[in-house]
Amino acid sequence: MRGAEHIGNVLVLGLGKSGKSAARYCADLLGTRVDSLFIAAGARTDDSVAFVESLAEEIGRICHPERSAQRGVEGSPRSDATFSYAFGDDALEGDVGHFDVCIASPGIPFWHELYVRGAELSDELISEVEFAWRESDEDSTWVAITGTNGKTTTTSLAAHLLRECGFAADAVGNIGDVCLDAVAAGKTQVYVAEVSSYQLYSTIRFAPDVAVLLNITPDHIHWHQTLEAYAEAKFKVFAGMMHGRGASASQNDAEAPLPCIILDATNDVVRAKVREMRAAGRDDYIPMGTADGIHGDMRAKCGAANAAFLDDDDMLHVAFGGEEHVLGAASDLQIKGEHNASNALAAAAVAVALGADDAAIANALASFKPLVHRIEPCGSVAGVECYNDSKATNVDATLKALQAFPGKRVVIMLGGDDKGTDLSELVAATHEHAGAAVCYGEGGPRFAQAFADAAANAPESFACLTAEHMEDAFDTALSTAREGDVVLLSPACASFDEFRSFEHRGDVFKQLVAARAEAQGA
């Protein structure tokens, strides 16, 4: 086990899913590898109070029954206390001591008072993802997948491929179990982790065996403050690979898979990093596509050692380590759109890098079903096919969804909690790929205005319609759709004007489809 060394005094920032996981894990180690645990719990809520009080009771009962009443003293820890906590943004003010490691929740940005103070008080500040990696068994394998769009599909697909190819693999991180919970459970050998820019920002030595960097487009700027800082956080997914466990494992075991970095070379920001790697003479990376698109072979384009691409017959190719792997046709995939063919290539490249069999990879690719809320087929109403792409909370995701239905007339539903991003590219793509757009919700008026401003460029048959809420928008979309058309919920907005989450929005949409289908008898 990597995590055999002494951890010392631990500070946990925040009590989201990862913060609770870190707190529980370290609480179990109190008196052995952990000397003290302090939780800066953030806002005082019923849930956070219940959690720390329950944890304090459990620690007191197991470790020191005679002193259980002293456990969980809110505020500064006593010199002889092993566990304490405090609430609020000023939880770390005063003399709270010094910490060997601080584990920060991803919801706390680097400029927040708690994060800044936590970094000042600690020898190291890391994310739960890095802590989990450090605590995992030395012989385990880590695959880390990040990017603006496509992370969840690629992570789920990569885990599916590996399981179907005989690996003990699970999706963890932002889908599945929290990374540290999965490590504590010890039920898997290959951790396929979806990791966000928030989590990657607070990594130091994190060195997965395989890293996947998908597209980078403007998102989460409020947290990172600039696009450049957001991109740099994403690049940290592979920053430690040449100095971490993956590199050392490949040197010590001739049969161990080489560390591998998979990058979306069709994306301008990521392709710049590909050029840096080529200039540095590295041969541990697989570029997917070229500036010309996913059909481009970077070996032919610029002499790269490896490449992943679709050939002229839309067959998936991964060339790595001097071997060519042909892994089935894009048309065999159950997930729609060229962007999903790219996600499939990334997942297939992961499986190739870890030594999976080509035929098994191809079979597993064909058996993978669409994820919920991601261009998810959810029935038809009077011959109109309905798709739920509620996960499309930004413009780039919606641009990809628009291209997923060649030969079909699409009526797209746009709107929700507006992120205020530029809409010119979205309007142009909607004109190209859709017959109508229905703009709704809080963001509806701005979206409708963007279409009005570009009306001179719209096809003569194109219609831009408006509605107040999503249900109204769906009925409006059905009223303008014809048999054989597609109604696509792909909002390019967050969901919080009407719904708790994009999942809630997608679930409501599917309920509406079912209700209208029943009413129509179809």
Side-chain angles (χ1 to χ4, degrees), residues 153 314 329-341 366 368-392 397-416 426-427 429-441 444 447-448 451 458-493 495 498-499 502-522:
T153 297
D314 278 348
S331 59
D332 292 336
L333 299 172
Q334 297 185 52
I335 48 179
K336 290 183 173 292
E338 188 171 270
H339 69 293
N340 273 326
F368 183 75
K369 291 178 169 49
L371 300 179
V372 293
H373 311 303
R374 293 160 180 83
I375 318 185
E376 175 194 9
C378 52
S380 62
V381 180
V384 175
E385 301 172 56
C386 300
Y387 285 82
N388 164 34
D389 192 38
S390 183
K391 180 64 168 65
T398 300
L399 291 174
K400 291 176 169 59
L402 277 165
Q403 300 174 46
F405 303 94
K408 293 278 190 178
R409 180 177 180 269
V410 175
V411 180
I412 188 169
M413 297 165 55
L414 298 166
L426 176 62
V427 169
T430 304
H431 286 160
E432 180 179 356
H433 297 288
V438 184
C439 304
Y440 74 93
F447 277 64
F451 280 103
E460 186 176 345
S461 60
F462 182 83
C464 178
L465 308 168
T466 59
E468 187 172 357
H469 301 295
M470 190 181 76
E471 182 172 1
D472 308 321
F474 181 49
D475 289 334
T476 301
L478 287 176
S479 71
T480 195
R482 305 185 292 263
E483 185 175 355
D485 287 355
V486 166
V487 168
L488 171 66
L489 172 68
S490 189
C493 286
S495 58
E498 283 190 70
F499 305 101
F502 75 81
E503 294 95 340
H504 181 210
R505 175 172 61 189
D507 289 340
V508 171
F509 179 73
K510 289 189 286 186
Q511 291 166 9
L512 291 171
V513 173
R516 300 304 186 266
E518 183 178 4
Q520 291 281 339

Return the CZ to OG1 distance between Phe451 and Thr430, rounded to the nearest 0.5 Å.
4.0 Å
Main chain of Ser390, side chain of Arg505: is a donor-acceptor contact present, judged purely on distance under 3.5 Å?
yes
Please find the pair of heavy atoms, one from Ser490 and one from Ala401, that lie closest to each other, and give the distance.
OG-CB, 3.5 Å
Minimum side-chain heavy-atom gap Lys408-Glu385 below 4.5 Å
yes
Is it the case that over 12 heavy atoms from other parts of the model lie below 6.0 angstrom from the NZ atom of Lys510?
yes
Lys400 and Glu338 ion-paired at < 4.0 Å:
no
Taking all non-hydrogen atoms of both residues, which atom of Ala341 and which atom of Ala330 are closest, and how far apart?
CB-CB, 4.3 Å
Which distance, rounded to the nearest 0.5 Å, do you find between the OG of Ser495 and the NZ of Lys391?
11.0 Å
Minimum side-chain heavy-atom gap Cys464-Phe447 below 4.5 Å:
no
Evaluate the criterion side-chain contact (heavy atoms from CB on, under 4.5 Å) for residue pair Val487 and Val384; output intermediate values, then yes/no.
CA-CA 7 Å; Val487 168; Val384 175; 3.6 Å; yes
Heavy-atom pair with the smallest gap, counting every atom of Pro491 and Asp389:
CD-O, 3.6 Å
Could you give me the CA-CA distance, side-chain angles and deciding distance for Thr476 and Thr466, then say whether side-chain contact (heavy atoms from CB on, under 4.5 Å) is met?
CA-CA 8 Å; Thr476 301; Thr466 59; over 6 Å; no
Minimum side-chain heavy-atom gap Phe509-Cys378 below 4.5 Å
yes
In short, Ala458 meets His431 closest at the heavy-atom pair CB-NE2, 3.4 Å
Please give me the minimum heavy-atom distance between Lys336 and His339, naming the atom from each residue.
O-CE1, 3.5 Å
If you take all heavy atoms of Gln520 and Ala382, which pair is closest and at what distance?
OE1-CB, 4.1 Å
Verify, without hydrogens or angle tests, whether Glu518 (side chain) and Ala515 (backbone) share a donor-acceptor contact under 3.5 angstrom.
no
With a 4.5 Å cut-off on side-chain heavy atoms, are Arg409 and Arg482 touching?
yes
Side chains of Leu333 and Phe368: closer than 4.5 Å at any heavy-atom pair?
no
Kindly indicate, with the supporting measurements, whether the criterion side-chain contact (heavy atoms from CB on, under 4.5 Å) is fulfilled by Thr398 and Ile412.
CA-CA 10 Å; Thr398 300; Ile412 188 169; 3.7 Å; yes
With Tyr440, which of Met470, His469, Glu468, Glu471 fulfils side chain to side chain contact (heavy atoms under 4.5 Å, CB included)?
Met470
Using a 4.5 Å cut-off on heavy atoms from C-beta on, say whether the side chain of Pro370 contacts that of Pro377.
yes
Among Ile375, Leu371, Asn340, exactly one meets side chain to side chain contact (heavy atoms under 4.5 Å, CB included) together with Ile335. Which residue is that?
Asn340
To the nearest 0.5 Å, what is the distance between CG (Asn388) and CG (Leu512)?
10.5 Å
Let me confirm one number: the CG-OG1 distance from Asp475 to Thr480, rounded to the nearest 0.5 Å.
13.0 Å
Determine, stepwise, if the pair Phe474 / Met413 fulfils side-chain contact (heavy atoms from CB on, under 4.5 Å).
CA-CA 7 Å; Phe474 181 49; Met413 297 165 55; 4.0 Å; yes
Check whether any side-chain heavy atom of Leu414 lies under 4.5 Å from a side-chain heavy atom of Val438, and answer yes or no.
no
